[in-house]
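See below for the structure under consideration.
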Amino acid sequence: MKVGFIQCAIISVIFAVIGYLVFSSSGMETSLPLTVAASLLFSGIVTPYLASLFGTSAITAEPESGVSGETATLYVGNLPYKANEDAVKEYFNSYVNVQSVRLMKDRRTGKRKGYGFIEVVTSDVDQAITELNDKVFLERTLKVRPAKEKGEME
DNA sequence: GCTGAGCGG
C-alpha cells in the first residue's frame, strides 16, 4: 500500500479538524489560528509516523533501498585499447541495464590494460553474462565473466 | 607508440 502526498494531506487535515474540535470543546480560551497551527504541528508528527508504518518514502524521501534489482559486477576482458567508457556503456546498455563502467588503464603510464568492470542491474546474472559474452565490439570479441574479487557485498 | 593474456581503486 502506498501513501502519497495526497493521502498525507488528507490525514493532516483530518487531524487538524480533530485537534480543533478537541481544543474547542476543552473550554480553553484559544484563538483559531493558534489552534489550527497546533493541530497542524501535531499532524505533522503523526502523519510521517503513519507513513513510516506503511513503508512509504513520500515523507522521509529516503534514497533507493535497492529494490529495483540486484547489481552484479562483471568482468569484461579483451576490450579494444581504443575504447572509452562511454562507448562501452552505450554498447552494453542496449543489452542490459548498465549502472557503471570502469575501464582499467594504468595510472602511471595511462596505457589501457584492455579489460574493465561493469555493474549491471539484472535479476539473473548468468543470463546477463550469456547476453554479453562473446559480443563483438569494435572488431573485438568481448569476454564477460562474473567478477572474481571485490564481490558486491550487500 | 604499437600490443592482446588478463580480475581492479
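Note that the coordinates shown come from a computational prediction; the quantities given were computed from them, not determined experimentally. In what follows, every chain begins at residue 1, and chains take the letters A, B, ... in the order their sequences are listed.
A residue-by-residue look at I118(A) and Y81(A) shows that Y81(A) has its nearest nucleotide of DNA chain B further toward the 5' end. Heavy-atom distances to DNA chain B give each of R140(A) and M104(A) a nearest nucleotide, and the one nearer the 5′ end belongs to R140(A).
Following rounding to the nearest Å, N78(A) (CG) and dC7(B) (P) show an atom-to-atom distance of 13 Å. The NZ atom of K143(A) sits 19 Å away from the C1' atom of dG8(B) (whole-angstrom rounding). The CZ atom of R112(A) sits 17 Å away from the C1' atom of dG6(B) (whole-angstrom rounding). Distance CZ (F117(A)) to P (dG9(B)): 9 Å, rounded to an integer number of Å. Note: CG (D106(A)) to C1' (dG9(B)) measures 13 Å, nearest angstrom. The interatomic distance linking E85(A) (CD) with dG8(B) (C1') rounds to 12 Å, in whole Å. Between the C1' atom of dG6(B) and the CZ atom of R102(A) lies a distance of 17 Å, rounded to the nearest Å. K82(A) has its NZ atom 9 Å from the P atom of dC2(B), to the nearest Å.
Not a single donor-acceptor contact under 3.5 angstrom links the side-chain atoms of Y75(A) to the base of dA5(B).
Counting non-hydrogen atoms under 4.0 angstrom, L79(A) reaches a base of the nucleic acid. Counting non-hydrogen atoms under 4.0 angstrom, R145(A) reaches a base of the nucleic acid. Within 4.0 Å of G114(A), counting heavy atoms only, lies at least one base atom of the nucleic acid.
Note that CG of L79(A) is 11.5 Å distant from OG1 of T141(A), once rounded to the nearest 0.5 Å.
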Residue pair L142(A), L132(A): steps toward the side-chain contact (heavy atoms from CB on, under 4.5 Å) verdict: CA-CA 8 Å; L142(A) 302 181; L132(A) 298 178; over 6 Å; no
Trace of the side-chain contact (heavy atoms from CB on, under 4.5 Å) decision for V120(A) with T71(A): CA-CA 5 Å; V120(A) 297; T71(A) 102; over 6 Å; no
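The side chain of Y115(A) lies closest to dC7(B), out of dT3(B), dG9(B), dC7(B).
The main-chain N or O of K111(A) is never found under 3.5 Å from a side-chain atom of D106(A) such that the two would form a donor-acceptor pair. Side chain of E119(A) to main chain of S100(A): no donor-acceptor pair is present (N/O by atom type, distance under 3.5 Å, no hydrogens or angles).
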